[in-house]
Protein chains: 2
Amino acid sequence: MKNQISAYDVARQAGVSQSTVSRVLNNYPHIKEATRKKVLVAIEELGFTRDEIARSLASKKTRTIGLIVGDITNPFFSESAKVITKKAQKLNYNVILCNTDHNEIQLEKDIQTLKGKRVDGIIIASADKDNQKISTLFDQGFPVVLYNSIMQHDKANYIAVNNYKGARLAVEHLFNLNHRNIGYIAGPSKYLTTHFRNLGFKNALEEFGVEINKQYVYQGEFSYNEVYQFTKKVLRLKNRPTCFFATSDQMAFAVLDAASSENISIPDELSVIGFDDVDLAKNEFIGLTTITQPKERMATLALENLISLIEESEEMDSPLQIILEPDLVIRKTTSICHK
Amino acid sequence: MKNQISAYDVARQAGVSQSTVSRVLNNYPHIKEATRKKVLVAIEELGFTRDEIARSLASKKTRTIGLIVGDITNPFFSESAKVITKKAQKLNYNVILCNTDHNEIQLEKDIQTLKGKRVDGIIIASADKDNQKISTLFDQGFPVVLYNSIMQHDKANYIAVNNYKGARLAVEHLFNLNHRNIGYIAGPSKYLTTHFRNLGFKNALEEFGVEINKQYVYQGEFSYNEVYQFTKKVLRLKNRPTCFFATSDQMAFAVLDAASSENISIPDELSVIGFDDVDLAKNEFIGLTTITQPKERMATLALENLISLIEESEEMDSPLQIILEPDLVIRKTTSICHK
DNA sequence: TTCATCAATTAAAACCCTTTCATTATAATG
DNA sequence: CATTATAATGAAAGGGTTTTAATTGATGAA
């Protein structure tokens, strides 16, 4: 591979010093128009593009951020990732995507490599409760914002929705529709978001005086297949639930899938409510009743705040801890229970 | 921000030279076990991690690749991205994600920044027919593989499916179900994949002796909303089509959405067939009939081949041009036409 | 004992920028 | 015209690695 054209080559060609080339490239003041022209011409002639790696080494900024998600295949994440990537693009940042499969070991590895690659900051969309590595990041003042994740750490920056309330909204809706046998599908409780949804679910039911049937609750990995199998099993019970609250739309889809495969009609025989309000939930062919999160706004906030964390040199006095309000969106997968 | 711990610091701590530290880090031969230990201990004590940026500058390898997709929100892309990212992870590469919104200008900008960031290679999942910038990349022998995209260039590496055949399979299926009024939804023809699907569509219909009703065909942006609006409009026609072939599942979903909003029942009143076989298509609640692409395999091939392009120093003698076979998967959104 | 050989280690250049400090050219002021 | 301020440029020192060439040390053969 032939050697790269460097700023030094440009300098020679233009008959100036390398630092002048750098000056032009960085739009520094105090440059004679004629000189600038000469340099620009030389750049054009040689087809020079500056080496961002060398630039990063010298400037200690990479203009690259990390985005760690549990599963990019989950539309909630891909929709968020899109907003984040595009917004980053506009601000001249790039994003390195990491997919942890909701595995903490992988998460920590990813943080490690991202730090190795000297990213300027990281957005973590699947942060477990008491991850040491993440805590350390916050302790060190490294720019990190949690997205749709929460950590109990006095320096933690996060943007999430009021998950407790979201879960309550879901339960209230089902209760109002006369449902009393409620299935519950949730991810691992290592996530505080899940934890709060659990809490909202439990508390609401308690208040309403309805018992939770342990058989109806799945709390485990975010595995489509596991949720699918679990739901199928539960639906075969003599006394099966009349509805399911799944704490993510993705999992709600798995529930719908299982129900359909058992020839159970939605919503007549089974109501299903999700969480996230993924684009497809709005699709009228599906029409998933769900709890909406303002993901566009959340993603934008996450990115913008990360960037200011990066660019404001003065360390933030108070951490960024934003909790937005979720909302119930009633569509076609829930209906009154006649049982 | 306190200064980074460098290999030099480690060297001092261990009482060796910096190059020895580097040797240890890179597992070079000819190192006394005792020395290696000393260095490893020093590394541990100081919590040193090597600066990949500096490493990249010196070695001219970043162990980072670019992944350019039209829309990460399209499950076909996010599912592919996941495979690629995870596979890359395993091989110690990271991926920078770029979302072009199917915009060529953005695509070219992305290529530019990726090259600036000195990525070792690029996977392009939305390459338009005669993009000059991409051609140049191939001319230069820069490691690029097109994914689900094709270019007529004698050095182009690509992995795609036989799109012509895929489209034919779809049409044959509809024809066999007695459909004669076929709607067609396709992306912009600047994509060769689309072009071949167009061709397959046309040729098959010609052979079957059925006329294409221009009113029924949408060829334009991959915009959910535009497709939705178009479909709605067409479905309100007196003589509306009895089925739609959408050249991506994502667009098929838009068709289903529109149909449902018009209270047209699927598949009784309208058959819909997609293309891609996205995970959700398999969902029995949806059960989208579609043309399947072996995306897992394609994505793996794309990544693995990109990496060998990067790592084999000898330039590939012949370009990588793989065309896999698509398949028809019949599910629930298509049925016999009684009209 | 001496030279050759090879293992183990170091010194230093290279990678391509940014940035600080010093220097020279130019303009402004009295 | 001398003096001072300021604009314009350059030289050189990093930044943290890799890598090549050089050096030292040890071992064995002649």
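Chain letters run A, B, ... following the sequence lines, proteins first, then strands; residues in each count from 1. Quick caveat: nothing in here was measured; it's all calculated off a predicted structure.
- Across all strands, B:Ser19 comes closer than 4.0 Å to base atoms (heavy-atom distances).
- B:Tyr28 has no side-chain polar atom (N or O) that falls below the 4.0 Å cut-off from OP1 or OP2 of D:dT18.
- For B:Thr20 and C:dT10, the shortest distance from a side-chain N or O to OP1 or OP2 is below 4.0 Å.
- B:Leu57 has its CG atom 17 Å from the P atom of C:dA13, to the nearest Å.
- If you measure from atom CZ of B:Arg36 to atom P of C:dT9, you get 10 Å, rounded to the nearest angstrom.
- Phosphate proximity of C:dT10 to B:Ser17: present, with a side-chain N or O under 4.0 Å from OP1 or OP2.
- Taking atom OH of A:Tyr8 as the reference point, atom C1' of C:dA14 lies 14 Å away to the nearest angstrom.
- A cation-pi geometry, defined here as NZ or CZ lying under 6.0 Å from the six-membered ring centre and within 45° of its normal, does not hold between A:Arg23 and A:Tyr28.
- Closest approach of A:Leu146 and A:Ile150 over heavy atoms only: CD1-C, 4.0 Å.
- Within 4.0 Å of A:Arg50, counting heavy atoms only, lie sugar-phosphate atoms of the nucleic acid but no base atom.
- Here D:dT17 is the nucleotide among C:dT19, C:dT10, D:dT17 with the atom lying nearest to any side-chain atom of B:Ala58.
- Comparing C:dT9, D:dG15, D:dT17 by their nearest atom to the side chain of A:Lys60 picks out D:dG15.
- The nearest heavy atom of DNA chain C to B:Lys32 and to B:Arg118 marks one nucleotide each, and the one closer to the 5' end goes with B:Lys32.
- Separating the CD1 atom of B:Ile31 from the P atom of C:dT10 is a distance of 10 Å, rounded to the nearest angstrom.
- Not a single donor-acceptor contact under 3.5 angstrom links the side-chain atoms of A:Arg23 to the base of C:dT19.
- Between the side chains of A:Asp120 and A:Thr62, at least one donor-acceptor pair of N or O atoms lies under 3.5 Å.
- B:Lys38 has its NZ atom 11 Å from the C1' atom of C:dA8, to the nearest Å.
- Between the CG atom of A:Leu25 and the C1' atom of C:dT19 there is a distance of 14 Å, given to the nearest Å.
- Take the nearest nucleotide of DNA chain C for B:Thr35 and for A:Ser22: the residue whose nucleotide is more 5' is B:Thr35.
- For the pair B:Lys115 and B:Phe142, the cation-pi test (distance below 6.0 Å, angle within 45°) is passed.
- For the residue pair B:Ser56 and B:Lys61, no side-chain donor N or O sits within less than 3.5 Å of a side-chain acceptor on the partner.
- Atoms CZ (A:Phe48) and C1' (C:dC16) sit 8 Å apart, rounded to a whole Å.
- Heavy atoms of A:Gln18 sit under 4.0 angstrom from at least one base atom.
- The interatomic distance linking A:His30 (NE2) with C:dT23 (P) rounds to 19 Å, in whole Å.
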